[in-house]
Structures are given as C-alpha cells and as structure tokens.
Amino acid sequence: MTTEFFSAPLGVFGGTFDPIHFGHLRTAFEILQTVRLQAVRFVPAGDPPHRDPPQVDAARRLEFVRAAVADQPGFVVDDREIRRAGRSYSVLTLAELRAELPDTPLCLIVGMDAFLGLPTWHRWTELLELAHVVVAPRPGWVAPNSGVLGDLLAARGADAAGTLHNALAGRILIQPVTQLEISSTELRDLLAAGRDPRYLVPDPVRALIRATRSYSVSQPTR
Ligand code: ATP
C-alpha cells in the first residue's frame with residue numbers, strides 16, 4: 001500500500017486552445033481519472049511563446065474553454081495567463097501555483113509534441129522543480145530515447161501514477177490515452193473552408209464559434 005503524504009495532485013493543462021477540441025478534452029479527462037488528479041486546470045495562454053499570435057483573441061478563446069468544460073466536474077478554468085501581462089510562460093504559472101498550493105503535487109500535462117519541445121521553453125530546467133510532467137502520446141510523435149530528453153526520461157521517468165502522489169514535483173509520466181488525431185490547426189483550416197466542426201469540438205463550442213463568426217474566411221488566416 002502506498003502512503004500518501006500530500007493532497008491529490010492537480011493537473012495543469014496549458015495551451016493556446018485556438019480553439020479547444022476533443023483531443024484536449026479527452027486527454028485531460030483520461031488523465032484526470034487514471035492519474036487520480038483532484039482536478040485539471042485549463043490555463044489558456046494569453047500571449048503564447050514560440051508560435052504565431054493566436055487567430056482568435058484571448059477573451060474569446062477563454063470563453064470557448066469555459067463553455068467546453070462547464071459540465072465536467074473536476075475541470076476548472078484558470079485565466080491567470082490571460083490576466084498576466086507579458087508572455088505566457090508556464091514556469092511563471094507553475095511558480096504561482098506552487099506558492100498558492102504548497103502541499104499539492106502539480107502535474108503539467110503536455111502532448112508528446114509539446115514535450116519534445118520542452119528544452120526550448122523559458123527556464124525549462126525549473127519546470128521539474130515545480131511540477132511533475134504528464135505526457136500524452138500523440139499520433140506521429142515518438143518518445144525520445146536519447147539526447148537531453150531521453151536522459152531526463154531515464155532519470156526521472158515514473159512507472160506508475162502513484163509515484164506522482166508521493167512527491168510534489170520532479171517526475172515524468174508517459175500516460176497512454178486514447179489518441180485522437182485532432183489539432184487546432186486543422187480545425188482552423190476546416191472552419192476557414194466553411195466546413196462544420198461537429199464531433200471535433202463540444203456542441204457549446206461549435207455554437208459559440210458560429211455565433212461569433214470566429215475562424216471564418218472573412219478573418220485573416222495565418
Ligand atoms: P495547434 O494545432 O494550433 O498547434 P494544438 O491542437 O496542438 O494546436 P494547443 O492548444 O497548442 O493545441 O495544445 C495544448 C496542449 O494540448 C499541448 O500540450 C498539446 O500537445 C496538447 N494537445 C493538442 N492536441 C492534442 C491531441 N489531439 N491529443 C493530445 N494532446 C493534444
């Protein structure tokens with residue numbers, strides 16, 4: 001039997017969410033259950049580093065995220081990166097959460113594509129001092145077995161979710177999830193082409209996209 005010293009871990013799921021889709025939501029839901037998280041906080045980026053500016057402004061992306069998670073207990077929206085001035089660096093968000101929740105293990109949730117880019121993140125070596133990392137495999141992206149991330153996985157990899165309950169930070173768990181090959185980029189392209197996003201996004205998000213005419217051809221595409 002495992003002795004648990006801390007509160008149940010909190011999932012922290014950052015993203016541009018431009019727009020949020022079922023790939024994000026199913027991944028977060030399965031990790032909520034399998035890792036036995038107390039909750040998953042969705043943290044939409046205000047000004048995401050390492051990419052072109054989002055197509056839809058932060059307030060509206062936040063509205064879509066709120067609509068997407070509204071009926072799911074354990075899913076929470078955290079708008080701090082939108083309220084905070086400057087670039088939306090995850091290390092700043094995790095440092096704030098660590099100060100607010102000193103006894104709660106934090107689990108930064110990322111897809112495998114994002115994990116492979118981790119060494120480019122601002123102050124990336126501090127991330128594992130603040131949180132665990134839970135990695136969701138994505139179609140087409142392979143876990144690293146060499147290089148800096150391969151070494152990190154060898155040193156910090158966790159075999160089971162329980163490991164994340166017994167420390168505040170510092171471990172990496174690759175957690176199998178149902179892999180849905182949906183991306184926001186493909187959704188934006190589909191919407192720009194006038195196609196219907198039904199079954200790729202929750203119905204309330206689809207309704208909001210329609211009502212606000214977001215991602216329509218009349219808007220600039222990137
Ligand atoms: P874009 O196509 O605009 O880059 P995206 O669909 O990858 O967007 P983001 O908001 O950039 O979505 O991603 C936020 C996080 O969600 C990242 O860690 C990313 O790896 C993860 N993610 C995105 N789509 C999926 C998916 N289909 N399955 C699992 N994880 C996903």
Side-chain angles (χ1 to χ4, degrees), residues 11-35 37 40-58 60-69 75 77-82 87-91 93-94 106-122 124 127-128 131-144 149 172-193 197 199-202 205-206 209 214-215 219-222:
V12 181
F13 196 10
T16 309
F17 303 126
D18 188 25
I20 191 164
H21 53 68
F22 279 134
H24 299 125
L25 292 159
R26 183 68 202 175
T27 295
F29 184 63
E30 292 191 15
I31 289 174
L32 175 72
Q33 295 191 319
T34 54
V35 183
L37 302 174
V40 173
R41 283 200 200 196
F42 290 75
V43 190
D47 180 8
H50 307 304
R51 57 180 292 152
D52 294 338
Q55 192 167 316
V56 162
D57 70 35
R60 192 161 280 174
R61 289 183 287 110
L62 176 65
E63 192 184 356
F64 295 165
V65 174
R66 286 199 203 287
V69 309
F75 277 6
V77 183
D78 186 327
D79 66 356
R80 72 182 63 221
E81 291 190 0
I82 289 173
R87 283 285 163 104
S88 299
Y89 293 123
S90 296
V91 69
T93 299
L94 293 175
L106 300 174
C107 294
L108 179 68
I109 299 170
V110 293
M112 185 63 79
D113 58 312
F115 179 68
L116 292 171
L118 210 66
T120 66
W121 290 23
H122 186 55
W124 80 278
L127 296 170
L128 277 171
H132 303 297
V133 177
V134 178
V135 187
R138 282 187 81 174
W141 301 92
V142 179
L149 286 177
I172 303 169
L173 179 71
I174 298 181
Q175 178 61 47
V177 295
T178 304
Q179 296 185 38
L180 299 176
E181 201 167 359
I182 305 172
S183 75
S184 298
T185 302
E186 285 173 16
L187 263 169
R188 291 192 298 272
D189 290 347
L190 175 150
L191 287 159
Y199 308 126
L200 297 173
V201 301
V205 174
R206 173 175 174 254
I209 289 172
S214 301
Y215 309 105
Q219 291 183 319
T221 53
R222 65 184 181 91

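For ligands, and for the atoms within them, numbers begin at 1 and follow the listed sequence. Side chains are part of it too, since the values below use all heavy atoms of this structure and drop only hydrogens, waters and symmetry mates.
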Atom of Arg138, atom of Met112 and distance for their closest heavy-atom approach:
N-CB, 3.9 Å

Ring-plane angle category for Phe17 and Phe13, please: parallel below 30°, perpendicular beyond 60°, tilted otherwise.
perpendicular

Test of proximity, Glu181 against ligand 1: N or O pairs below 3.5 Å:
no

Taking all atoms of both residues into account, what is the closest heavy-atom pair of Ala68 and Leu25, and its distance?
CB-CD1, 4.0 Å

Provide the number and element of each atom of ligand 1 under 4.0 Å from a heavy atom of Ser184.
1 (P), 2 (O), 3 (O), 5 (P), 6 (O), 8 (O), 12 (O)

Of the non-hydrogen atoms in Ser214 and Val56, which two are nearest, and what is the gap between them?
CB-CG2, 4.0 Å

I'd like to know whether ligand 1 has Asp113 as a neighbour, heavy-atom separation below 4.0 Å.
yes

Give the atom numbers and elements of ligand 1 that come within less than 4.0 Å of a heavy atom of Thr185.
1 (P), 2 (O), 3 (O), 4 (O)

How far apart are the closest heavy atoms of Pro44 and Ile82, and which atoms are they?
O-CG1, 3.7 Å

Please confirm whether Met112 comes within less than 3.5 Å of ligand 1 when only nitrogen or oxygen atoms on both sides are compared.
no

Please confirm whether Phe13 comes under 4.0 Å of ligand 1, counting heavy atoms of the residue only.
yes

Enumerate the atoms of ligand 1 whose separation from the nearest heavy atom of Val110 is less than 4.0 angstrom.
18 (O)

What heavy-atom pair brings Ala45 and Glu81 nearest, and what distance separates the two atoms?
CA-OE1, 3.4 Å

Out of Gly14, Ala114, Gly111, Pro54, the nearest non-hydrogen contact to atom 14 (C) of ligand 1 is supplied by Gly14

Can Arg51 be said to touch ligand 1, with heavy atoms closer than 4.0 Å?
yes

Grab the two heavy atoms, one from Pro139 and one from Gln179, that are nearest each other, plus how far apart they are.
N-OE1, 3.0 Å

Which ligand 1 atoms does Gly15 reach within 4.0 Å, using its non-hydrogen atoms?
10 (O), 14 (C)

side-chain contact (heavy atoms from CB on, under 4.5 Å) evaluation trace for Leu128 with Ile172
CA-CA 8 Å; Leu128 277 171; Ile172 303 169; 4.0 Å; yes

Is there any N or O on Leu180 that sits under 3.5 Å from an N or O of ligand 1?
yes

Measure up the Phe42 and Phe75 rings against each other and bin them: parallel (under 30°), tilted (30 to 60°), perpendicular (over 60°).
perpendicular

Min heavy-atom dist Glu186 to ligand 1 below 4.0 Å:
no

Can you find an N or O of Pro137 that's nearer than 3.5 Å to an N or O of ligand 1?
no

Sub-4.0 Å heavy-atom approach of Arg188 to ligand 1
yes

